[in-house]
2 protein chains.
Amino acid sequence: MVGIKKRAHGEASRQRILAAAAEIAGERGYEGTSISLVSKCSGLPASSIYHHFKDKDDLIAAVVQTSFDRWFHLLQEPTEVPEEAETPEELFQHAMQGIGRALFDSPDFLRLGLMLVLEHRPEEPTARKDFLNIRKTVMSHTRIIYTAYFTDLKPDDIESLVTLTLVLSDGLFLAHEAENLDLDQGFGLIALAILGTAEQLMK
Amino acid sequence: MVGIKKRAHGEASRQRILAAAAEIAGERGYEGTSISLVSKCSGLPASSIYHHFKDKDDLIAAVVQTSFDRWFHLLQEPTEVPEEAETPEELFQHAMQGIGRALFDSPDFLRLGLMLVLEHRPEEPTARKDFLNIRKTVMSHTRIIYTAYFTDLKPDDIESLVTLTLVLSDGLFLAHEAENLDLDQGFGLIALAILGTAEQLMK
DNA sequence: AACCTGTCGTAGCACTCACTCCAATTCGGA
DNA sequence: TCCGAATTGGAGTGAGTGCTACGACAGGTT
């Protein structure tokens with residue numbers, strides 16, 4: 001009992017299923033993600049899917065969690081500091097674009113999460129609750145950063161700014177999906193909007 | 001041949017089907033909207049649905065169009081001018097909240113449209129294209145208004161502001177669905193953001 | 001060797017899906 | 001009154017749904 005050894009393709013299969021499910025669910029939503037399609041796309045039979053995941057609900061929830069974890073770890077990595085001295089505004093914009101690029105690199109949890117937010121079916125999927133919790137996590141992190149950055153603002157105004165940030169990110173993601181909106185330009189714009197709103201709030 | 005007369009409950013049935021489909025599709029999305037459910041909810045058999053609409057795709061597209069037309073007509077109605085003299089900023093916020101309230105009164109096309117934007121399945125539904133066209137219509141109207149209101153801004157900046165407005169509206173709608181966000185407060189916030197960004201752009 | 005546990009393949013369950021066929025019914029116009 | 005078009009009723013299509021039962025087979029452990 002030195003350690004838990006993997007038999008056959010155990011963990012690898014799990015990952016393949018997750019990857020397939022992420023791709024399909026990101027494209028077609030909750031109802032549109034059929035087990036048979038995930039099976040076909042991952043090359044594993046349905047029974048294997050049900051061996052690794054309790055049911056469809058469990059699978060979708062796992063997709064959201066995995067994708068979010070990947071993004072969140074990516075964020076924790078040392079933020080590269082721009083060499084040249086820049087104004088605080090430029091630094092802010094730079095940071096914004098960094099977060100944004102990371103977000104749009106692994107957008108599965110975001111797209112799927114937003115879809116689940118929009119659909120409110122009778123019995124809500126676990127993944128929806130998970131995504132709402134994820135949002136709270138993101139909000140509290142943003143709150144900490146903004147409290148340190150906008151030292152002149154009252155807590156209420158910080159809260160408004162945090163809400164605004166989420167609103168802008170979601171909206172930008174949607175706009176990106178709807179028409180072809182340049183992402184860097186988009187994140188520059190929402191950074192500008194946050195700074196502009198902060199100034200308005202200080203008045 | 002004086003005029004086309006309705007037999008039986010022709011047009012009325014169509015409306016009932018549309019209403020039922022709007023409610024279900026708004027709650028469950030494209031895939032989640034089953035004909036049998038629409039049938040049960042409208043009290044009409046499947047054959048009636050297929051008499052009035054070519055197929056499911058056609059039905060969903062009709063739901064989006066109908067809901068949008070209703071909202072757009074609502075907007076064209078004479079905008080009530082606030083009695084007391086207010087600052088331009090307050091007027092702007094007031095107008096924003098008016099549009100917003102109308103939007104959230106008949107949100108079927110918005111919710112469904114955003115869902116369709118997020119899902120990009122292989123063969124995209126007609127309703128998705130329709131919704132993208134609707135967005136263009138809304139954008140050009142916003143552009144006209146902003147051009148008249150922000151007389152100091154260059155066309156490029158106006159364009160940024162128009163994009164920002166759509167981004168903010170979509171994001172607010174999502175935030176409203178996600179957590180319980182007060183709408184008036186939300187629209188006040190995005191009005192502030194637009195004004196703040198406009199000031200930043202003028203710098 | 002025998003054993004055990006985790007993984008895969010096959011087949012199939014009851015159910016729902018979008019959609020169709022056609023006969024019955026309802027009504028306006030002649 | 002009867003015609004014919006509009007609309008509805010209901011049964012039924014093949015395909016697909018989530019999910020399960022169960023046996024085969026692979027390792028590693030003893």
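Naming convention: chains lettered A, B, ... in sequence-line order (proteins, then strands); numbering from 1 in each chain. If you're wondering where the values come from, they're calculated on a predicted model, not measured in any experiment.
Distance from the side chain of Tyr50(A) is smallest to dC19(D) among dC19(D), dC19(C), dG9(D). Comparing dG9(D), dC19(D), dC19(C) against the side chain of Ala46(B) picks out dC19(C) as the nearest. Picking from dT10(C), dT8(D), dC19(C) the nucleotide with the shortest atom distance to the side chain of Pro45(A) gives dT10(C). Checked against dG9(D), dT10(C), dG18(D), the side chain of Ser47(B) finds its nearest nucleotide in dG9(D).
In this structure, Asp58(A) places its CG atom 17 Å from C1' of dT20(D), rounding to the nearest Å. Taking atom CZ on Arg14(A) and atom P on dC8(C), their separation rounds to 13 Å, with Å as the unit. The nearest whole Å value for the distance from the CD atom in Glu31(A) to the P atom in dC17(C) is 9 Å. Rounding to whole angstrom units, CD1 of residue Ile35(B) and P of dA15(D) are separated by 20 Å. Rounded to whole Å, atom C1' of dT7(D) lies 13 Å from atom CZ of Arg16(B). With rounding to whole Å, His51(A) atom NE2 is found 18 Å from dG23(D) atom P. Distance, Phe53(B) CZ to dT8(D) P: 11 Å, rounded to whole Å. In this structure, Ile17(B) places its CD1 atom 14 Å from C1' of dG9(D), rounding to the nearest Å.
Residue Ser13(B) has no polar side-chain atom (N or O) positioned under 4.0 Å from OP1 or OP2 of dT7(D).
Among the heavy atoms of the strands, none lies under 4.0 Å from Ser39(B). Among the protein residues, Ser34(B) comes within range of the sugar-phosphate backbone only, with heavy atoms under 4.0 Å from sugar or phosphate atoms but none that close to a base.
In this model, no side-chain donor or acceptor of Ser36(A) finds a partner on the base of dG16(D) within 3.5 Å.
A cation-pi contact links Lys56(B) to Tyr30(B), judged by a cut-off of 6.0 Å to the six-membered ring centre and 45° from its axis.
Ionic pairing of Glu27(B) and Arg121(A) is not present here: no N-O contact between side-chain nitrogen and carboxylate oxygen is shorter than 4.0 angstrom.
In this structure, Phe68(B) has its ring center no closer than 6.0 Å to that of Phe131(B).
With sequence neighbours left out, Ser67(A) forms a side-chain hydrogen bond (donor to acceptor under 3.5 Å, both in side chains) with no residue at all.
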Apply the test side chain to side chain donor-acceptor pair (under 3.5 Å) to residues Glu177(A) and His120(B): give CA-CA distance (whole Å), side-chain angles for both, the deciding distance (0.1 Å), then the verdict.
CA-CA 9 Å; Glu177(A) 302 278 315; His120(B) 29 132; 3.1 Å; yes
